[in-house]
Amino acid sequence: MKKVVGGIVLLLIVGVFVLTGCSKSGKYDYLVLVNKYSQLPDDWEKNVELVDAKNAWDEDIKVEKNAYESYLKLEKALEKDGVNIELDSVYRSVKAQQDLWDEWSADPEKGIDYVRKFVAVPGYSEHHTGLAIDICIRKEDGELEFDNDEMIADRETFAKVHEKLADYGFILRYLENREDSTGYTYEPWHLRYVGDKKIAKEIMDKKITLEEYLDSIKDIKNNHEAAKYKIETTLKDYLEKDESIINSRFNVTKIYSSKDEMDNPILSTMDLTDKDIAFEVTYQLQPAEGVDINPLMVPDGEFNEDLGWITNISRLGILKYNSKTKSYSIENFGTGW
Ligand SMILES: [Zn+2]
């Protein structure tokens, strides 16, 4: 019990500091879901910040600002691997989509089923967000590879592209054989910016769809294992930002997933939303060489000189939900105090 009390006292002391690892957030939701069943939010086009760019054919196009900046970094990084990507189709307004829809529908030879198959219903295309980017490949001979079948067949090049996506906040949106979840067949060229490298990495590492990721963060409150996994991985990322720490291991001892469960008097006074998760954890740290280990030991840690690890540290922390980025970060968790 003593350990927990120590943690609470320290939690109170640092309560005023914002210790959260910050994630990039705009005035709109980078995890917005637009698919065949989920419409673009009404105020999206009014709020989205678009910048001008050129595609592979030197046509004027528009892209969401942060998505474009990240795309340029991705493009540069891939160049070093000998892969040259260029922009194809990016932002498309609802109006432009409507015009396209009307134009195709007016053609008596096409028929409505044909139009439905090849043209997204206006309002239901991810390209409306400015966050979806179709790329094409500039081959060594200078020719462009942009034909869908050709790109699907070019496994080697796209494997290199997909491997780097998460580092720049992108995911592969339409995975192979996942039409059940996304509504679309495999599109190796269609990238989606999600605004946060950590989220992108989780989606890409787990090979899940955006739909599945959004479901998983909805369920975390009701799924103990998912919550535990989330706490451990978020905490690990959080601690790794501290240069005085090389490595860490955790044992989540308690998860408070609802306010009613918070028998802990300190937690019950805190302003926690429905989606926040409070937890108690004991953990071990491997400090970097030469750092002052005393701040890391507080309050009950023990340094094992043979192993080079500090053991028996216990803390209380909060996995705070950010409704803008639809992601969790660690708050009120001190290591260096
Ligand atoms: Zn696309």
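No hydrogens, no waters, no symmetry mates; every other heavy atom, side chains included, goes into these values. Read the numbers this way: they start at 1 and go in the same order the structure lists the ligands and their atoms.
Proximity of the aromatic rings of Tyr168 and Tyr71 is defined here by a centroid distance below 6.0 angstrom, and this criterion is not met.
Checked options Tyr91, Tyr30, Tyr68; the residue passing with Tyr193 is Tyr30 (criterion: ring pair (Phe, Tyr, Trp, His ring centres under 6.0 Å)).
For a distance threshold of 2.8 Å, the protein N, O or S atoms nearer than that to the Zn ion (ligand 1), listed by chain and number, are His127 NE2, Asp134 OD1, Asp134 OD2, His190 ND1.
For Asp102, the side chain to side chain contact (heavy atoms under 4.5 Å, CB included) partners two or more places apart in sequence, or in a different chain, are Gln98.
In this structure, Lys164 forms no cation-pi arrangement with Phe170, as its terminal cationic atom is not both closer than 6.0 Å to the ring centre and no more than 45° off the ring axis. Geometrically, Arg249 engages Trp309 in a cation-pi contact, judged by NZ or CZ lying under 6.0 Å from the ring centre and within 45° of the ring axis.
For the residue pair Ala53 and Val63, the shortest heavy atom distance occurs at CB-CG2, 4.1 Å.
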